[in-house]
There are 2 protein chains.
Amino acid sequence: MRTERPRRHGGGATSGAAPGPGARAAEHGAHKAGPEPRDAAPAVSGPGLRRGATRRKLFDAAVTLIAEQGFSATTVDEIAERAGVAKGTVYYNFASKNVLYEELLRDGVDLLATSLQEAADRAVHAGGTRVDALDAMIRAGLDFIAGSPSLTQLYVAELWRTNRVWQPTLQSVRGRAVAVVESVLRDAVAVGELSEELDIPLTASALLGMVLVAALDWLSFQPHRSVEDVHASLSRLLQGRVSPVRPG
Amino acid sequence: MRTERPRRHGGGATSGAAPGPGARAAEHGAHKAGPEPRDAAPAVSGPGLRRGATRRKLFDAAVTLIAEQGFSATTVDEIAERAGVAKGTVYYNFASKNVLYEELLRDGVDLLATSLQEAADRAVHAGGTRVDALDAMIRAGLDFIAGSPSLTQLYVAELWRTNRVWQPTLQSVRGRAVAVVESVLRDAVAVGELSEELDIPLTASALLGMVLVAALDWLSFQPHRSVEDVHASLSRLLQGRVSPVRPG
DNA sequence: ACTTTTAGACTGACCAGTCAGAACAAAGGA
DNA sequence: TCCTTTGTTCTGACTGGTCAGTCTAAAAGT
C-alpha cells in the first residue's frame, strides 16, 4: 500500500449506504458508517467488553510483524492471523491499518515516557542526585527496551521520517520522552551538578540515542549479556562524564 | 510487495525466451536471460557508457524516496520518475528492486566507514591523542550524516531488522564502521588513554548511536544550528568523559 | 437485547517485473 | 561529410498476482 497517499478503495466509500446504527464518528479525518470502531481513545479498556483483549492481541501481533517486515510489507491478513482473529475483526476494532498502527505507537511509547518519568522521580525522592536520576532513567530505558524491542525498533525506524501520516503522533510522543530527560538535565544544571554550558536539548537526544542504539545493539548482537552488565557500562560512560566541567 | 518472501511474477520467469545478446550473468542467485544487468560490482563506473550516470541518478532518487516512505511503500515507478528515466531502465540496470536497494546501501555506507577511518588516521598522524581521533571521527560522522541524511535514515531504520533479505549486506557494512571505532578505542586503552575496564564493543555502539541520533535530531528539529555547534556539544560530552576512571 | 466476532467471497486499485522495439553511440566505408 | 552496421541503453504499454477494505448472515459472548 502506498500508505502516504490515501487510496479510495472498495465500494466508493460506502456511498450513500444506510447509516446503520450509531454513526457518531467524530475523530480521525472521516470515518464511514456501519458497525465501525466506536472510539479510538480507550485503547485497551472501556466499559467491559471483549474489545480490550482483542485490541491488545492485535497490537501485539502488529508490533512484531511490523518491526520485522516494515509497515507496508505487513498485511492485514497476517496481523489478523497472528492475532488469531478474523480479518473483519480488525476492521471492527480499527478504522484502518493506518489507525491501528497509529494507536499502537501512541499506546506503546506513552509507556516509555511514563516509565522514564517514574524512574527519575523515584531516584530523586530516594534522595539521590540528579545524575543518579539520569542513571536510573538509563536503567529504566534499558528495561523497557528489553521488554519491548519490537516497539523500539519501530520507533527508531519511524521517528525521523518526514511526510508520514502518523508523524504528528510520533512527534508528540517523542516530545514527552525527551521532555522528561531535559527536565532532569535542567534540574541538574540548576542545582549545580552539571555545567551551565550544557546544551540541554542536544544532550538529551544524544543520551536517548546512546541508550536506544546501545540497547538495540545489545539485544541484536550480544543477547547473552545481562541488563546489569550493559547498564554498568553505559553508566560508567555517563558517570565519569556529564559531570561539571574539568579544568582545561 | 512482501519483499521478504519473493514473488513469482509476470510471464513465468521468461520461460524459454530467446537468450538475446550477452547472457553472461554469473552473480546474484539466479538471473534470467535477456539484455539484463551485466555486472553488479561497478556501481557507477565501467567501460565508458551512460550506465554509470544512470545508476547514480537511480541511487539518488531511490535513497530519498525510500528514506521518506520506506522500502515497500516506494514504487519502482516513482523511483524511475524521480530519476527521470523509464521504468524499464531500472530493470536494465538492476536485477530487481531489492538488488537496487542492496547496492545502494553498500555503496553509501561504505563511504561512511571510509570517511571515519580517514578522519581517525588523519588525527593520529597529525600527532593527536586517541581521544582526539575519536573526536575527529565524531566530526566526520556529523559531516557525513549532514551530507547524506537520507542514507543515515535508511541505515537506522534497517539495521536492527532481522529477517530481511539485505540483512547480510547491512551487517557486514555495520561491522566495518563499528570496527573502525573499536580499533581506535582499543588503541586508546592500550596506550593508557582510556580505562581498561572500558567495554569496547558496547562503548563503540553507544558512541555511534550518540552521534547518529544526535545528528538526525539536529537535522530534523534544529536544522539552523551549525555543525561546529553540534560537534562542540558532543565533543564536550565525550571529552569530559571517556577518559580514565576517576577516583570513587 | 445488545455487542462483538466469524468466515470468506469480492472489488478495484496497485505494482513488480517483462518484452519488443526505438534511440543512441562508436566504427568503419564510400 | 554522410550513410550503414553493430552493439548498447532506454522506453513504456502490458501482464498477472497482491492486498486494503467491504459486506453479509449467523454465531458467540455478556
Side-chain angles (χ1 to χ4, degrees), chain A residues 1-3 5-15 17-18 20-22 31-38 46-55 57-58 71-81 83-101, chain B residues 1-3 5-22 31-38 46-55 57-58 71-81 83-101:
Chain A
M1 188 198 188
R2 301 298 333 301
T3 300
R5 317 181 188 154
R7 284 183 183 176
R8 72 220 82 72
H9 251 153
T14 319
S15 52
H31 277 171
K32 284 125 290 178
E36 94 194 49
R38 36 179 46 191
L49 301 338
R50 284 167 285 168
R51 302 200 69 175
T54 304
R55 291 171 76 102
K57 281 193 290 183
L58 285 169
F71 176 80
S72 309
T74 301
T75 71
V76 172
D77 290 277
E78 277 176 314
I79 296 174
E81 187 188 350
V85 303
K87 186 179 190 176
T89 304
V90 175
Y91 287 95
Y92 182 75
N93 283 279
F94 299 95
S96 68
K97 188 185 169 188
N98 269 330
V99 170
L100 160 58
Y101 189 45
Chain B
M1 189 199 188
R2 301 300 330 303
T3 298
R5 317 180 187 155
R7 285 184 184 174
R8 85 222 64 81
H9 253 152
T14 317
S15 51
H31 277 171
K32 286 124 290 176
E36 96 195 48
R38 34 180 47 189
L49 303 336
R50 285 167 282 171
R51 304 201 66 177
T54 304
R55 289 171 77 103
K57 282 193 289 183
L58 285 170
F71 176 79
S72 308
T74 300
T75 70
V76 173
D77 288 277
E78 279 177 313
I79 296 174
E81 187 188 350
V85 303
K87 186 179 194 174
T89 303
V90 176
Y91 287 93
Y92 180 73
N93 283 280
F94 300 95
S96 69
K97 188 184 169 187
N98 270 331
V99 169
L100 161 58
Y101 189 45

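So that the names make sense, note that chain A is the first sequence line, chain B the second, and so on, each numbered from 1.
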Novice: What heavy-atom pair brings A:Glu78 and A:Ala73 nearest, and what distance separates the two atoms?
Specialist: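 So the minimum-distance heavy-atom pair works out to OE1-O, 3.9 Å.
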Novice: Should B:Thr89 be listed as having a side-chain N or O under 4.0 Å from OP1 or OP2 of D:dT9?
Specialist: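 For D:dT9, neither OP1 nor OP2 has a side-chain N or O of B:Thr89 closer than 4.0 Å.
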Novice: Name the residue closer to the 5' end of DNA chain D, choosing between A:Asp77 and A:Gly88 according to the nucleotide with the nearest heavy atom.
Specialist: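 So the residue in question is A:Asp77.
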Novice: Would you kindly give the CZ-to-C1' distance between A:Phe94 and C:dT4, to the nearest whole Å?
Specialist: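 In whole Å, C:dT4 C1' and A:Phe94 CZ are 14 Å from each other.
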Novice: Can you tell me how far P of C:dG17 sits from OH of B:Tyr92, to the nearest Å?
Specialist: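 Taking atom P of C:dG17 as the reference, OH of B:Tyr92 is at 18 Å.
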Novice: Please work out if B:Val85 contacts a base, only the sugar-phosphate, or nothing of the nucleic acid, heavy-atom cut-off 4.0 Å.
Specialist: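 Since only primed, P, OP1 and OP2 atoms lie under 4.0 Å of B:Val85, the category is sugar-phosphate.
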Novice: Rounding to a whole Å, what distance do you find between A:Glu78:CD and D:dC19:P?
Specialist: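 A:Glu78 atom CD is separated from D:dC19 atom P by 8 Å.
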Novice: Rounded to whole Å, please give me the gap between CD1 in A:Ile79 and C1' in D:dG21.
Specialist: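 One finds 13 Å between C1' of D:dG21 and CD1 of A:Ile79, rounded.
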Novice: Can you figure out which of D:dC10, C:dT5, C:dA7 approaches the side chain of B:Asn93 most closely?
Specialist: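 Looking only at heavy atoms from C-beta outward on B:Asn93, the closest nucleotide is D:dC10.
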Novice: For A:Lys57 versus A:Val85, what's the shortest heavy-atom pair and its separation?
Specialist: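 For A:Lys57 versus A:Val85, the nearest heavy atoms are NZ-CG1, 4.0 Å.
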Novice: Measure from the side chain of A:Lys97, starting at C-beta and using heavy atoms only, and say which of C:dA16, C:dA7, D:dA20 lies closest.
Specialist: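 Output: D:dA20.
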Novice: Taking all atoms of both residues into account, what is the closest heavy-atom pair of A:Lys97 and A:Phe71, and its distance?
Specialist: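 Here A:Lys97 and A:Phe71 meet closest at NZ-O, 3.1 Å.
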Novice: Which of the following nucleotides, C:dG17, D:dC10, D:dT22, is nearest to the side chain of B:Lys87?
Specialist: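 Of C:dG17, D:dC10, D:dT22, C:dG17 is nearest to the side chain of B:Lys87.
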Novice: Looking at B:Thr54, does any N or O in its side chain come under 4.0 Å of the phosphate oxygens OP1/OP2 on D:dC10?
Specialist: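 So the side chain of B:Thr54 is within the cut-off, an N or O lying under 4.0 Å from OP1 or OP2 of D:dC10.
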Novice: Among the candidates D:dA20, C:dG17, C:dT6, find the nucleotide nearest to the side-chain atoms of B:Ser96.
Specialist: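 Within the option list, the nearest is C:dG17.
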Novice: Please report the distance, rounded to the nearest Å, between OH in A:Tyr91 and C1' in D:dC23.
Specialist: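 Atom-to-atom, A:Tyr91 to D:dC23, this comes out as 13 Å.
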Novice: Do A:Val76 and A:Tyr91 come within less than 4.5 Å of each other through their side chains, counting heavy atoms only?
Specialist: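 A:Val76 reaches A:Tyr91 side chain to side chain.
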